[in-house]
Amino acid sequence: KYKNQISIKIGLECEYFPEYIHWLKGIIKEYKLDYIIFGNHHFHTDEKFPYFGRNTDSVDMLELYEESAIEGMESGLFAYLAHPDLFHFIGDPALYEQEFRRLCVYLKEKQIPIEINQLGLADHRQYPNPAFLKIAESVGNTAIIGCDAHHPSALLDTDSQQACKKLAEQYHLPLVKVFPQLSR
């Protein structure tokens, strides 16, 4: 009934595990996915490597997070990086600033928006992180609001959507509404 009025896209949030990229490309083709979003939760595997969202003051882990975020985005498969501020670094703020500035500069150069994550806000997680948003503001990034719909009801959470929009305004991060789709 609404085919000329509504465009529905199909996408997934996926990890970047180099060993499985060939498999992921097959899934993209088989299911005719329009986009995938990079959720950087683990370094190259979830079988041996700890979750990036845990509290840590490890500089090595911080550097691995940033390196893997950029490496995954360089694959060209992902529309953007989900919850780029997922990493919960509790060490030296200057090191946090250094590594996340590097990520924000990379994303800006590639014209990839940073995500302001609605689920993180609604669940009172460590993200969206004001320190990260401040860095993104100073770099001049654009932003996109990511629903991170673990449950379909998240799509109806207009309060969190509005709160994310207010964060974008507060940190002068212009919202983008469209991002590149995968070429098939």
Margin query: As a quick check of understanding, evaluate side-chain contact (heavy atoms from CB on, under 4.5 Å) for E30 and K25, giving each step before the final call.
Written below: CA-CA 9 Å; E30 179 181 349; K25 287 179 180 179; over 6 Å; no
Check: Can K110 and E74 be said to form a side-chain contact (heavy atoms from CB on, under 4.5 Å), step by step?
Finding: CA-CA 9 Å; K110 298 294 184 176; E74 280 292 304; 3.3 Å; yes
Next item on the list: Any chance you could lay out the side-chain contact (heavy atoms from CB on, under 4.5 Å) test for V139 and R101, step after step, and finish with the verdict?
Entry: CA-CA 7 Å; V139 169; R101 179 168 297 281; 3.4 Å; yes
Note to self: What verdict does the side-chain contact (heavy atoms from CB on, under 4.5 Å) test give for H42 and F17, after you've listed the backbone C-alpha separation in whole Å, the side-chain angles of each residue and the deciding distance to 0.1 Å?
What the structure shows: CA-CA 9 Å; H42 304 275; F17 294 162; 4.2 Å; yes
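When atom types are taken as modelled, the side chain of D85 and the backbone of N129 share a donor-acceptor pair closer than 3.5 angstrom. Looking at D34, its side chain does come within 3.5 Å of a backbone N or O of I10 through a donor-acceptor pair. Using modelled atom types, one side-chain atom of Y65 and one backbone atom of P84 make a donor-acceptor pair closer than 3.5 Å. Using a distance-only test at 3.5 Å, with no hydrogens or angles considered, a donor-acceptor pair links the side chain of Q126 to the main chain of L86. Q118 contributes a side-chain N or O that, together with a main-chain N or O of A154, makes up a donor-acceptor pair within less than 3.5 Å. Using modelled atom types, no side-chain atom of H22 and backbone atom of Y20 make a donor-acceptor pair closer than 3.5 Å. Judged purely by atom type and a 3.5 angstrom limit, E71 has no side-chain atom pairing as donor or acceptor with the backbone of P18. With hydrogens and angles ignored, the 3.5 Å screen pairs no side-chain donor or acceptor of K134 with any backbone N or O of Y171. Not one N or O on the side chain of S160 forms a donor-acceptor pair closer than 3.5 Å with the backbone of D157.
Taking the ring centroids of H83 and Y127, they lie under the 6.0 Å cut-off.
Rounding to the nearest 0.5 angstrom, the gap separating the CD atom in E99 from the CZ atom in F132 is 13.0 Å. Atom NE2 of H88 sits about 11.0 Å away from atom OH of Y51, to the nearest 0.5 Å. With rounding to the nearest 0.5 Å, the separation of CD1 in I36 from CG in L77 is 5.0 Å. Here CG of L119 is found 10.0 Å from SG of C164. Values are rounded to the nearest 0.5 Å. Taken to the nearest 0.5 Å, the CD1 atom of I37 stands 9.0 Å off from the SG atom of C14. L133 contributes atom CG, which lies 5.5 Å from atom CD1 of I116 (distance to the nearest 0.5 angstrom).
Using the six-membered ring where Trp is involved, F87 and F100 have ring planes that are tilted, between 30° and 60° apart.
In the displayed structure, I6 atom CD1 is contacted under 6.0 Å by more than 12 heavy atoms of other residues, nucleotides or ligands.
Residues L24 and L12 share a single hydrophobic cluster, defined by chaining ILVMFWY side chains whose heavy atoms lie under 4.5 Å apart. In the hydrophobic clustering of this structure, Y96 groups with V59; members are Ile, Leu, Val, Met, Phe, Trp, Tyr whose side-chain heavy atoms approach within less than 4.5 Å, directly or through other members. A single hydrophobic cluster is not seen to contain both I145 and L156; linkage of ILVMFWY side chains at heavy-atom distances under 4.5 Å, directly or through other members, places them apart. The cluster map of Ile, Leu, Val, Met, Phe, Trp and Tyr, joined by side-chain heavy atoms under 4.5 Å apart, puts L121 and L155 in different clusters.
Between L103 and I135 the shortest side-chain heavy-atom distance does not fall below 4.5 Å. When side chains are defined from C-beta on, R102 counts as touching I70, because their heavy atoms get closer than 4.5 Å. Counting only heavy atoms from C-beta outward, the side chains of S58 and F89 never approach each other to under 4.5 Å. Looking at T142 and L175, their side chains never come closer than 4.5 Å, going by heavy atoms from C-beta outward. Contact annotation: the side chain of F38 never approaches that of Y80 to less than 4.5 Å [non-hydrogen atoms, C-beta and beyond]. Looking at heavy atoms from C-beta onward, L81 lies out of side-chain contact with I114 at the 4.5 angstrom threshold. Side-chain contact between I112 and M73: present, with at least one pair of heavy atoms (C-beta onward) separated by less than 4.5 Å. Residues P113 and N141 form no side-chain contact, since every pair of their non-hydrogen atoms from C-beta on lies 4.5 Å or further apart.
Counted by atom type alone, E137 and H172 present one or more donor-acceptor pairs between their side chains at under 3.5 Å.
The two residues S75 and G72 make their nearest non-hydrogen contact at OG-O, 2.6 Å. Among all heavy-atom pairs drawn from K9 and Y35, the shortest one is CB-CE2, 3.9 Å. The nearest pair of heavy atoms linking F52 to S68 is CE1-OG, 3.7 Å.
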